[in-house]
A.B. asks: 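The structure is given below, and queries will be raised subsequently.
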Amino acid sequence: MDLSEYINSIRNKRIAVIGIGVSNTPLIRLLLSCGCDVTACDRRELNELGMEALDLIGKGAKLKLGEKYLDKLDHDIIFRTPGLMPFDEHLVRAAEKGSVITSEMEVFFSLCPCRTVAVTGSDGKTTTSTIISELLKKAGYTVHLGGNIGHPLLCDIPQMKKTDIAVLELSSFQLHSMVCKPDVAVITNISPNHLDKHKDYQDYIDAKKSIFARQSAGETLILNADDEHSAYYAQSAKSTVKYFSGKTAVKNGTYYEDGEIFRVHDGEKSSIMHSEDILLPGEHNVLNYLAAFAATDGLVGDAVCREVAAEFAGVEHRLEQVRVLKGVTYINDSIGTSPTRTAAGLRAMKKKPIVIAGGYDKHIPFDGLGDDLCLMAKSVFLTGATADKIEDAIKNSKYYADSNISLTKIDDFTEAVLAAAASAVEGDIVLFSPACAAFDKFKNFAERGRYFKKIITELDE
């Protein structure tokens, strides 16, 4: 079935699309253009949605807005937004009454005409997905990069060919209860994340299983041999499992030893490159390349791997150098939305940075981050909803007494950034790596990162 056939099959159905955002707005427009009966549901009011909502109304959409936007869901088909979990009581009741609960990404997988590589994990999935895309493009493939990385791909299906490859970054929100069968699935690592949305940590861990649950022996699953959760995933995988590791040799996959990166097939290893030739700094990026090299094995040769690693400058908002002003280097790591991501950023710094952290509370622990900041930060400026929790983690760290680290809490984000900048002297690094999501004050991490860059670029020379 192609996209037009799918839309024809639902044309006479009553359709609800939950969330007028990045992933679902193109879907709403597509359905409306094909004459479908669409109700667009969103927690925000009309004045908050602005011209976008008025445009949808003009195209024939019915809007259901405000606090009660999920009440009385009884549509034939309901497309959920990734942030609304399938176990939400409104969706459960709708399903019990016969509604089909799906998502833009789930439908994409059912209709995609080309090979797919899907990447998930707690950390590194954006960078790993992008590296995979860059490798495949350099090798001559037409690549479609999307999913959680920001670009929905369902509407692009008519332009896709069988010889193309779609690379998808998938979050636990998207994967939860989702039906998909990628040709190659990658799980970068697992650590506590998004516990404000999931029932518990185990629910978060199990949500990731959807990325490989329907794979068979003809598909491939790439796992992190250094991650304690990989054995749990491997035992239920029916696909061919390969590993990547920064600590030990693997039988099939990729690994890193004494500064050299190897590919391995049935125990026979061959060197791809030296890690020092990777342009992106930090050991976490070596792991990202190990995962990407394993995922593209058989599609991308060693020479292309070396070329991309030497040229790829990184993803926006991931350890992105904004500017150097009066000898102070400003780095935007807004995509660092978990403690482990921020810790990886800290380890990538050449000296102890001045850190700006804090944001939306996902109900995850900061104990380990408290230790990392005491050991690897010069000073910390805390802002947002988690400022108190991170402060407590730092002060409760066993390394706090000997760290000489200074702590400053400023609720206003702009003032916190300006204060951190004012404290810097020549030779310092100011690292914005919040360890938290952005939803307390921003729409998403990208909006937050752009605002941080705006503040920094407007500082007086």
Side-chain angles (χ1 to χ4, degrees), residues 7 10-95 97 99-108 146-155 171 173-174 194 196-197 334 359-362 384-385 412-414 437-451 454:
I7 291 178
I10 65 172
R11 195 185 302 275
N12 296 321
K13 305 288 187 180
R14 294 173 59 248
I15 302 168
V17 181
I18 300 174
I20 304 174
V22 172
S23 62
N24 281 343
T25 299
L27 170 65
I28 296 170
R29 294 182 186 279
L30 174 66
L31 294 172
L32 291 172
S33 70
C34 295
C36 294
D37 179 351
V38 181
T39 300
C41 311
D42 200 289
R43 183 186 296 275
R44 292 169 293 175
E45 298 287 357
L46 187 61
N47 63 328
E48 296 176 272
L49 290 166
M51 292 302 299
E52 188 169 51
L54 294 175
D55 182 60
L56 293 178
I57 293 173
K59 287 179 166 57
K62 304 168 187 173
L63 297 190
K64 191 174 181 184
L65 307 176
E67 289 297 319
K68 296 184 178 181
Y69 74 114
L70 295 177
D71 286 359
K72 298 180 181 179
L73 283 175
D74 60 356
H75 300 73
D76 300 312
I77 300 173
I78 300 173
F79 289 86
R80 70 178 181 91
T81 185
L84 184 67
M85 304 302 271
F87 51 76
D88 177 88
E89 59 179 344
H90 302 90
L91 294 182
V92 171
R93 283 199 297 268
K97 294 176 182 178
S99 297
V100 174
I101 312 298
T102 188
S103 66
E104 179 268 342
M105 183 52 64
E106 185 168 60
V107 174
F108 171 80
N148 191 57
I149 207 165
H151 179 65
L153 291 178
L154 179 62
C155 297
S171 68
F173 299 163
Q174 291 169 308
H194 300 299
D196 59 317
K197 293 285 188 180
S334 183
Y360 176 76
D361 191 353
K362 295 190 285 186
D412 183 82
F413 180 80
T414 303
F439 308 130
D440 59 334
K441 296 182 179 180
F442 298 93
K443 184 178 180 181
N444 51 43
F445 76 83
E447 181 183 86
R448 176 175 63 185
R450 287 191 294 269
Y451 186 69
K454 180 176 183 294

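Remember, predicted model here, so these are calculated numbers, not experimental data. Sequential numbering from 1 along the given sequence is applied to the chain's residues.
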A.B. asks: What residues, two or more places apart in sequence or in another chain, satisfy salt bridge (charged side-chain N to carboxylate O under 4.0 Å, His left out) together with Arg44?
C.D. replies: Asp42
A.B. asks: Please answer whether the main-chain N or O of Ala94 pairs with a side-chain N or O of Ser99 as donor and acceptor at a distance below 3.5 Å.
C.D. replies: yes
A.B. asks: Please round to the nearest 0.5 Å and tell me the distance separating atom CG of Asp76 and atom CD1 of Ile10.
C.D. replies: 10.0 Å
A.B. asks: Kindly state each residue pair satisfying ring-ring contact (aromatic ring centres under 6.0 Å, His included) with at least one member in residues 25-79, sequence neighbours excluded.
C.D. replies: none
A.B. asks: So how far is it from Leu31 CG to Arg11 CZ, rounded to the nearest 0.5 Å?
C.D. replies: 10.0 Å
A.B. asks: Indicate the atoms forming the closest heavy-atom contact of Phe173 with Gly83, along with that distance.
C.D. replies: CD1-CA, 4.0 Å
A.B. asks: Can you tell if the side chain of Arg80 reaches within under 4.5 Å of the side chain of Pro86, non-hydrogen atoms only?
C.D. replies: yes
A.B. asks: Quick one: sort the Phe442 and Tyr451 rings into parallel, tilted or perpendicular, breaks at 30° and 60°.
C.D. replies: tilted
A.B. asks: side-chain contact (heavy atoms from CB on, under 4.5 Å) for Leu73 and Leu91? Distances and angles first, verdict last.
C.D. replies: CA-CA 8 Å; Leu73 283 175; Leu91 294 182; 4.1 Å; yes
A.B. asks: What is the distance from atom OG1 of Thr25 to atom CD of Glu52, rounded to the nearest 0.5 Å?
C.D. replies: 4.0 Å
A.B. asks: I need the single residue from Leu27, Leu32, Leu56, Leu63 that forms a side chain to side chain contact (heavy atoms under 4.5 Å, CB included) with Val38. Which is it?
C.D. replies: Leu32
A.B. asks: State which residue, out of Ile18, Val92, Ile78, fulfils the side chain to side chain contact (heavy atoms under 4.5 Å, CB included) condition with Ile101.
C.D. replies: Ile78
A.B. asks: For Arg29, check salt bridge (charged side-chain N to carboxylate O under 4.0 Å, His left out) against everything at least two apart and list the hits.
C.D. replies: Asp55
A.B. asks: Testing the basics here: between Cys36 and Ile7, what is the closest heavy-atom pair and its distance to 0.1 Å?
C.D. replies: SG-CG2, 4.1 Å
A.B. asks: Within the 4.5 Å heavy-atom criterion, are Asp37 and Lys62 side-chain neighbours or not?
C.D. replies: yes
A.B. asks: Find the distance between NZ (Lys59) and CD1 (Ile57) and round it off to the nearest 0.5 Å.
C.D. replies: 11.5 Å
A.B. asks: Where do Glu104 and Pro152 come nearest, in terms of heavy atoms and distance?
C.D. replies: OE2-CB, 3.5 Å
A.B. asks: Test side-chain contact (heavy atoms from CB on, under 4.5 Å) on Asp74 and Arg14; report intermediate values, then the result.
C.D. replies: CA-CA 9 Å; Asp74 60 356; Arg14 294 173 59 248; 3.1 Å; yes
A.B. asks: Any heavy-atom pair between the side chains of Met105 and Ser23 that's under 4.5 Å?
C.D. replies: no
A.B. asks: Quick check: do Leu154 and Pro26 have side-chain heavy atoms less than 4.5 Å from each other?
C.D. replies: no
A.B. asks: Without swapping roles, check the side chain of Gln174 against the backbone of Ser171 for a donor-acceptor pair under 3.5 Å.
C.D. replies: yes
A.B. asks: Measure across Met85 and Pro82 and return the closest heavy-atom pair with its distance rounded to 0.1 Å.
C.D. replies: SD-O, 4.2 Å
A.B. asks: Look at the side chain of Asp440 and the backbone N and O of Ala385, then say whether any donor-acceptor pair between them is shorter than 3.5 Å.
C.D. replies: yes
A.B. asks: How long is the straight-line distance from CD1 of Ile15 back to NZ of Lys13, given to the nearest 0.5 Å?
C.D. replies: 9.5 Å
A.B. asks: Could you tell me which non-hydrogen atom of Leu153 sits nearest to which non-hydrogen atom of His151, and how far apart they are?
C.D. replies: CD2-CD2, 3.4 Å
A.B. asks: Determine whether a donor-acceptor pair (N or O, by modelled atom type, separation under 3.5 Å) exists between the side chain of Thr81 and the backbone of Leu84.
C.D. replies: no
A.B. asks: Measure across Ile28 and Ala40 and return the closest heavy-atom pair with its distance rounded to 0.1 Å.
C.D. replies: CD1-CB, 3.9 Å
